[in-house]
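Structure, as structure tokens:
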Amino acid sequence: MSVRTRVAPSPTGDPHVGTAYVALFNLVFARSYGGQFILRVEDTDRQRSSSASEAAIMEALRWVGLGWDEGPDVGGTFGPYRQSERLDIYRHHADELVASGGAFRCFCTGERLEELRRRQRAGRETPRYDGHCRNLDPQESRDRAQAGETHVVRLDVPVTGTCGFSDGIRGTIEIPWQQVDMQVLVKSDGFPTYHLAAVVDDHLMGITHILRGEEWLSSMPKHRLIYDRFGWSVPDHYHLPLLRNADGSKVSKRRNPTGLNYFRRTGYLPEALRNYLALMGWSMPDEREIFSTEEMTAAFDIERLTTGGPVFDLAKLDWLNGQYIRSLDPGEFMDRVADWAINRENLAALAPLVQQRTERLVDLLPQVDYLLGDRATVDEDDFAPLRLGAEDCLRVLDHVGRRFDATDPWDRDSLQAAIRSLADAMGLPMRDFLAPLFVAITGRTVALPLFDSMAYLGRDMVRSRLASAIAALGGVSKKKAKRLERAYSGLIDQA
RNA sequence: GUCCCCUUCGUCUAGUGGCCUAGGACUCCGGGUUUUCAUCCCGGCAACAGGGGUUCGAGUCCCCUAGGGGACGCCA
């Protein structure tokens with residue numbers, strides 16, 4: 001049987017470097033066996049999924065050079081490849097599980113569940129569904145469901161014993177069933193959760209090897225159970241180490257640029273990014289550090305994957321990117337530069353802003369350089385002349401960051417509305433409120449209009465500039481971050 | 001808190017019981033080439049988390065401790 005792997009992003013945000021990381025290893029693994037690599041969109045979270053995000057993720061993955069053989073856009077014989085289009089498949093399988101006793105309907109209310117979890121936490125137990133609806137009379141269960149009573153479907157999990165399974169790079173792992181929750185498989189809106197959908201799809205799509213992030217390791221018992229209940233064989237699993245921030249925590253946008261578009265916009269070469277990602281937890285047998293994805297594929301051996309979480313450190317990526325840029329022949333270098341930012345497409349967004357401000361074409365450059373560049377370097381002194389003190393500036397920037405995480409769509413008007421409401425909530429005049437933001441984003445005293453600038457830059461770039469401005473203002477400790485978070489949610493609740 | 005995973009220079013890593021006086025790369029520092037800068041070249045700093053075993057021999061195997069991370073959602 002042909003080797004088939006997949007990457008299964010959830011279209012709930014900006015394209016993430018972690019997705020590219022997992023995609024790279026899946027792609028290389030499949031190719032090294034002459035197999036196929038599939039893209040599946042896991043859009044089962046109705047609230048958070050968006051087609052804009054889906055399109056951005058596919059576009060970004062293609063940019064990195066991680067294309068797929070089958071997927072929502074290119075089709076394939078195992079489609080559809082978008083989970084929201086496979087609802088009847090999941091429903092059918094969930095019904096089968098309920099009928100066979102492998103799962104049960106649960107009519108518990110959210111309040112009851114919350115109270116239960118609170119009690120368990122207080123009693124130092126692992127929060128877990130208590131099985132309240134597990135032994136409902138099947139007839140009653142069916143009747144209540146038929147009568148339209150709101151319910152979910154939960155996986156029936158053994159109460160005692162341990163679940164043993166094997167991970168391709170970690171060996172055998174045992175987890176007590178006691179620790180495994182009776183996971184919801186079908187939500188009350190009829191959509192499946194990840195656990196059901198992923199297992200069903202991986203089986204139906206003929207996925208033979210699953211390479212995914214380590215955060216899934218503790219869900220493995222649930223997944224094994226589902227495979228077993230359906231009588232399906234379990235694909236080989238390999239849990240990839242998680243990319244880390246400098247402090248060792250799971251890589252996050254608050255501390256690192258993690259958006260693929262950031263790397264694209266700041267002029268990293270896709271082949272350099274792939275090479276760098278390959279170095280995260282993997283090495284060439286001959287210890288070469290500069291190699292193409294093709295060379296990686298030819299030499300690939302999953303046994304060479306390490307288990308420790310690598311810190312995603314830009315310094316080495318910068319060096320590597322420099323190596324790639326310098327090795328380009330001049331013609332190609334010129335093409336890359338032209339594709340990067342000084343092209344019609346990018347200019348189209350900028351032209352309306354700069355044309356009126358231009359007397360000679362050369363005036364264009366200083367007007368837009370801060371929009372094309374990496375990030376404006378700011379330091380504490382830049383904030384000194386402002387009406388708000390350093391502490392207040394920091395507070396403003398922090399809260400703006402939080403507000404922007406939830407701002408959608410990312411355009412001029414939404415940004416303006418978001419900022420206005422936040423300034424109101426904080427009781428600050430727009431003028432004072434905007435000043436530190438202007439400095440953080442543009443790094444100047446004179447620049448193109450702030451909201452247009454932010455709209456052009458995009459969420460990733462704005463995020464990273466906010467982060468460096470906050471760092472310039474002294475940064476925030478863990479404790480301070482907590483305090484700011486509380487303060488922010490306080491503001492939201494009032495509004 | 002409970003369970004699981006992890007632990008070699010600041011960072012990415014090599015290492016699968018003797019080739020380890022622990023190698024390479026990035027960063028940093030010093031020097032050289034270059035009319036500047038960058039590149040490039042040379043050199044330097046720097047690690048087996050701690051403690052017990054097993055063994056003739058342990059970075060490599062086992063146990064304990066510590067530290068880090070992850071999971072514990074009708075998110076994925």
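Each chain gets a letter, A, B and so on, in the order its sequence line appears, and its residues count up from 1. Not measured: the values here are computed from a predicted model.
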OP1 or OP2 of [N] versus the side-chain N and O atoms of [X]: is any pair under 4.0 Å?
X: A/Lys187; N: B/rC75; value: yes
X: A/Thr44; N: B/rA76; value: yes
X: A/Thr307; N: B/rU7; value: yes
X: A/Lys250; N: B/rA71; value: yes
X: A/Ser249; N: B/rG69; value: no

Side-chain donor/acceptor contact of [X] with base of [N] under 3.5 Å:
X: A/Gln183; N: B/rG73; result: no
X: A/Ser218; N: B/rC4; result: no
X: A/Glu214; N: B/rG69; result: no
X: A/Arg170; N: B/rC5; result: no

Would you kindly give the [atom1]-to-[atom2] distance between [X] and [N], to the nearest whole Å?
X: A/Met220; N: B/rC4; atom1: CE; atom2: P; value: 16 Å
X: A/Glu215; N: B/rC3; atom1: CD; atom2: C1'; value: 17 Å
X: A/Leu242; N: B/rG70; atom1: CG; atom2: P; value: 7 Å
X: A/Arg118; N: B/rG73; atom1: CZ; atom2: C1'; value: 17 Å
X: A/Gln179; N: B/rC5; atom1: CD; atom2: P; value: 12 Å
X: A/Arg212; N: B/rC5; atom1: CZ; atom2: P; value: 16 Å
X: A/Tyr276; N: B/rC26; atom1: OH; atom2: P; value: 13 Å
X: A/Arg304; N: B/rG15; atom1: CZ; atom2: C1'; value: 10 Å

* Searching all strands shown, indicate the nucleotide that pairs with B/rU7 (Watson-Crick or G-U wobble; both distances under 3.5 Å). =>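 Paired with B/rA66.
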Applying the Watson-Crick and G-U wobble criteria at under 3.5 Å, what pairs with B/rA76? Answer none if nothing qualifies.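 Check on B/rA76: unpaired, no WC or wobble geometry under 3.5 Å.
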Close residues, residues 19-32 of chain A, relative to RNA chain B [heavy-atom separation under 4.0 Å]: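 Hits under 4.0 Å, by residue number: none.
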Closest to the side chain of A/Glu287, out of B/rG73, B/rA14, B/rU27, is B/rA14
task: Could you list the residues that satisfy ring-ring contact (aromatic ring centres under 6.0 Å, His included) with A/Tyr90, not counting sequence neighbours?
output: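 A/Tyr90 satisfies ring-ring contact (aromatic ring centres under 6.0 Å, His included) with no residue once adjacent residues are dropped.
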- Would you please classify the geometry between the A/Tyr227 ring and the A/His237 ring as parallel, tilted or perpendicular, with 30° and 60° separating the classes? perpendicular
Original post:
How are the rings of A/Tyr276 and A/Phe312 set relative to one another: parallel (under 30°), tilted (30 to 60°) or perpendicular (over 60°)?
Top reply: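 A/Tyr276 vs A/Phe312 ring planes: perpendicular.
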Does the side chain of A/Asn275 come under 3.5 Å of the side chain of A/Glu271 through a donor N or O and an acceptor N or O?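 Absent: no donor and acceptor within the cut-off.
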